[in-house]
Amino acid sequence: MTDSILSKAATMEIPINSNGDSRTAEDDGLEQDLQQVMVSGPNLNETSIVSGGYGGAAEGIIPTSSIKGPAIRFNPEYFDRRCGSAPKPDIRSKSRGITPSHSATSRIANQPGHYPAPSMHHSNSNPSMMSEEATRGVAVEKFDSVKKWSINTYKCTKQMFSERFGRGTKTVDLELEAQIDVLRETKMKYEHILRLARELTNHFYNMVQTQQALGDTFADLSQKSPELQDEFGYNAETQRLLCKNGETLLGAINFFVSSINTLVNKTMEDTLLTIKMYENARLEFDAYRTDLEELSVGPRDAAAMVRIEIAQQQYQIHKDKYERLHSDVSIKLKFLEENKVKVMHKQLLLFHNAVSAYFAGNQQQLEQTLRQFNVKLKPPGSDKPSWLEEQ
């Protein structure tokens, strides 16, 4: 009987009701009603219908490639009128225009969902949109920064060439400029003193090491030459005393070099750095001042008035910066001069007293000089030179 039904499926349309049973008189009326709601839609040649098997619980797949005629679209009003409170069809069957059977509906309902909800797309797009806006904001900020830097560099370069070729005016504080020139010259001279003092330290350290080696050699020969034991002994003792006093003088010279190095390479250098900032601010101030003067003598239309107002604001900003750095340079030059006098007075007095006491052979005076200036010597027996001696 099953074979006869399947043989008919190849030559005729086999409608299937919701229970998967064979067609009845009621199905004939249903087919006539379906003919009234047919509309153009996708072809059903490639679809398949899953339903319960004929006369039992076994299920099978009935191909529909032989179904001819126009496709149909699902009409929910007609379905509700015919089926009453029957469950609504699955969305996937609805898109194909086919009403699934009870068994197919139950299998579809039990399958896990593999389709993401539409809201997930929006939730994923919001962070990406925020990240894109943040990146765009950073790019705009960098562009504005480069634009401002380019305009400022152009104006300052133009002002610098105008001053060098004598076509531009320059803001000059004669008294302050004279003090800056004196500071630069003083720094060069102090750097020369520092270089010579380091050379003296290296040479004197080598001499002390030579005296120590010579004293050890005299002492050794004093033990091995009985006939010259006293003579070698006297010389060994003298060299050891000179070596000890030389180490004391070397400590004083190292302290002198360290203090001069701090004064030149830290205190003076810090003041010169502020002076460099002041000179850059002066150049920017003159550049924007010149720009404002050129705009002021030009036409006075609406666009020109806007540019003049912007130039006036920039001029005021750079004027305040120039005046602030001008004040900082004046204060630092004053404090630097006071500090220089105080430091050099102490260091020159130390250097003079230590050298005089060493060459006079006055060991007590030499040690007293170091205690007076709080100079700490290297540990006894330390032959390694200090980091200043290794420069």
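The model shown is predicted, which means the values in this text are computed figures rather than measured ones. Side chains included, hydrogens not; waters and symmetry mates left out as well; all remaining heavy atoms used.
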- Passes side-chain contact (heavy atoms from CB on, under 4.5 Å), Q239 versus Q212? Steps please. CA-CA 7 Å; Q239 294 300 321; Q212 184 177 2; over 6 Å; no
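- Remark: L263 CG to L336 CG distance equals 7.0 Å, nearest 0.5 Å.
- E185 has a carboxylate O that lies under 4.0 Å from a charged side-chain N of K189, or vice versa, which qualifies the two as a salt bridge.
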- Message: Set out, in order, the CA-CA distance, both residues' side-chain angles and the distance that settles side-chain contact (heavy atoms from CB on, under 4.5 Å) for E141 and D144, then state yes or no.
- Response: CA-CA 5 Å; E141 183 179 354; D144 293 340; 5.7 Å; no
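- Electrostatic pairing of K334 and E338 does not count as a salt bridge here, judged by no charged N lying under 4.0 Å from a carboxylate O.
- Distance OG1/T267 to NZ/K340: 12.0 Å, rounded to 0.5 Å.
- Geometrically, K155 engages Y288 in a cation-pi contact, judged by NZ or CZ lying under 6.0 Å from the ring centre and within 45° of the ring axis.
- Follow the hydrophobic side-chain contacts under 4.5 Å out from F351 and you reach M344 in the same cluster.
- For the residue pair Q229 / S222, no side-chain donor-acceptor distance below 3.5 Å is found, with atom types taken as modelled.
- Between the side chains of E163 and Q159, at least one donor N or O lies within less than 3.5 Å of an accepting N or O.
- Under the 3.5 Å distance criterion, with hydrogens and angles disregarded, no donor-acceptor pair is assigned to the side chains of Q316 and Q312.
- Ring centroid separation for the pair Y278 and Y322 comes in under the 6.0 Å cut-off.
- Note that CG of N254 is 9.5 Å distant from CG of L249, once rounded to the nearest 0.5 Å.
- A single hydrophobic cluster is seen to contain both I275 and M277, as judged by linkage of ILVMFWY side chains at heavy-atom distances under 4.5 Å, directly or through other members.
- Under a 4.0 Å N-O distance rule, the pair E237/K244 does not qualify as a salt bridge.
- Between atom CZ of residue R198 and atom CD1 of residue I260 there is a gap of 11.0 Å, rounded to the nearest 0.5 Å.
- Counting only residues at least two apart or on different chains, the salt bridge (charged side-chain N to carboxylate O under 4.0 Å, His left out) pairs with a member in residues 323-333 are D270-K332.
- With hydrogens and angles ignored, the 3.5 Å screen pairs no side-chain donor or acceptor of N362 with any backbone N or O of Y358.
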